[in-house]
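Okay, so here's the structure we're looking at.
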Amino acid sequence: DMGRVAESLGYGAYVVGGFVRDLFLYRPNEDIDIVIEGDGIAFAKAYALEFGTRIHTHKAFGTAVVIYPDGFKIDVATARLEYYRSPAALPDVEMSSIKLDLFRRDFTINTLAIQLIPDKFGRLLDFFSAQKDIKDKAIRVLHNLSFVEDPTRVFRALRFEQRFGFTIGKLTAALIDNAVKMDFFKRLSGRRVFTEIRLILEEDNPVPAIVRMGDFDLLKVIHPTIVINKALIALLEEVRGVIAWHDLLFVETPCMRWTVYLMGLIHANDMATCHEICRRLELATRYEALFCQERAAADHCLQQMEHRLPASAGALYHRLHPFRAELILYMMAATRVKAVKKAISKYYTELRKIEPLIGGNELIALGLTPGPLFRQILDAILDAKLNGALATREDEIQFARR
Ligand code: ATP
């Protein structure tokens with residue numbers, strides 16, 4: 001239908017990028033990107049009018065999002081003819097606007113396009129030997145100035161390489177070495193560096209890409225003190241194990257996995273350096289608190305627990321209760337003492353959610369007067385419960401009475 005609507009306006013229409021790439025890789029992908037040769041916004045409006053979908057438009061970029069009643073979204077972009085070229089990046093030959101659009105992309109594997117116009121429906125466009133590179137499992141840029149144009153592509157290269165089990169091509173690897181040597185990243189905002197690092201840390205298994213960042217001497221983009229060694233890799237693998245454990249047991253509990261990996265990465269740094277890293281990445285203050293003060297508190301707590309395990313379930317609960325899930329996972333990964341890891345996992349799986357079944361109303365019903373005593377009684381009930389002394393509501397009421 002999109003092809004037909006585009007044709008009626010005299011436009012070309014294509015599915016492009018990651019979706020087509022993933023078709024060739026037999027990988028599921030729900031992100032459909034459409035490029036229109038013509039006016040993408042006018043196309044989206046015409047389409048929405050005919051099919052009753054909602055749209056969001058961004059005039060400045062000539063892009064639109066088509067939103068179906070069930071929430072499914074399709075991104076629409078305009079292949080602009082006028083194209084601000086970076087010096088010498090473009091060979092001086094005539095290109096169709098779709099070809100120009102694809103030439104601006106990051107890697108050859110992302111340059112496939114499928115025609116949507118009814119006459120040519122389903123035809124594959126492969127201007128930059130994407131199929132060959134997919135077959136060769138190679139990540140290659142389209143031209144030598146690619147990383148000059150956009151240094152964030154370096155991070156994308158590592159991310160795609162590990163996600164697909166591909167290898168960065170020889171010339172592309174040399175261009176990355178050059179980008180690192182010339183420190184192209186210093187002109188990137190913290191925000192953009194952070195976005196890319198976070199995307200890497202949110203991959204299914206980020207560890208190989210982090211190791212690869214180490215190979216390319218790229219971890220200095222986070223901080224020069226971070227170096228890949230056996231201990232760091234072991235810690236990151238622990239993080240991965242703990243996150244897998246968490247995903248399995250607590251499917252419904254959200255967890256910012258990237259923060260746990262980043263805590264692992266900066267594990268060996270002192271407080272001042274951690275603050276420096278957070279500022280370089282332009283992290284929000286709540287993240288800065290997490291990575292600096294809260295993580296330091298977690299390290300301190302861990303040290304104490306490694307010195308001596310909490311004597312009771314109640315003591316364990318009170319030790320760990322101040323920490324949010326991500327810090328608990330970090331502590332489980334960071335400790336080298338098995339018994340401590342076990343205690344933390346016991347807290348997280350068994351103790352964390354325990355609370356008194358009765359509350360103020362029940363205490364009033366017992367004839368008590370509301371006041372500071374209530375807190376004390378409820379705390380005492382909690383401790384008794386944690387240590388397994390109270391099971392039912394009736395037990396708690398008896399306990400309160402005493
Ligand atoms: P993911 O599964 O990570 O979303 P994707 O390939 O769909 O992978 P997006 O980040 O959604 O990637 O980008 C969509 C398309 O836009 C990509 O296929 C790529 O060709 C292009 N693109 C994204 N970022 C850049 C960039 N920095 N430089 C050039 N092209 C880019």
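Residues: numbered from 1 along the sequence shown. Numbering of ligands and ligand atoms starts at 1, following listing order.
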Between the side chains of Asp106 and Arg153, is the shortest nitrogen-to-carboxylate-oxygen separation below 4.0 Å, so that they form an ion pair? no

Please enumerate all residues that pass side chain to side chain contact (heavy atoms under 4.5 Å, CB included) together with Met182, with sequence neighbours excluded. Asn178, Phe184

At a 4.0 angstrom heavy-atom cut-off, ligand 1 is contacted by Gly17, Gly18, Arg21, Arg104, Arg105, Asp106, Asn110, Asp150, Thr152, Arg153, Arg156, Arg159, Phe160, Arg163

Got a sec, which residues hit ring-ring contact (aromatic ring centres under 6.0 Å, His included) with Phe43, two or more places apart in sequence or on another chain? none

Contacts of Phe166 that satisfy ring-ring contact (aromatic ring centres under 6.0 Å, His included) - sequence neighbours left out: Phe164

Compute the centroid of each ring, for Phe127 and then for Phe103, and state whether the two points are separated by less than 6.0 Å. no

Parallel, tilted or perpendicular: rings of Phe194 and Tyr287 (30°, 60°): tilted

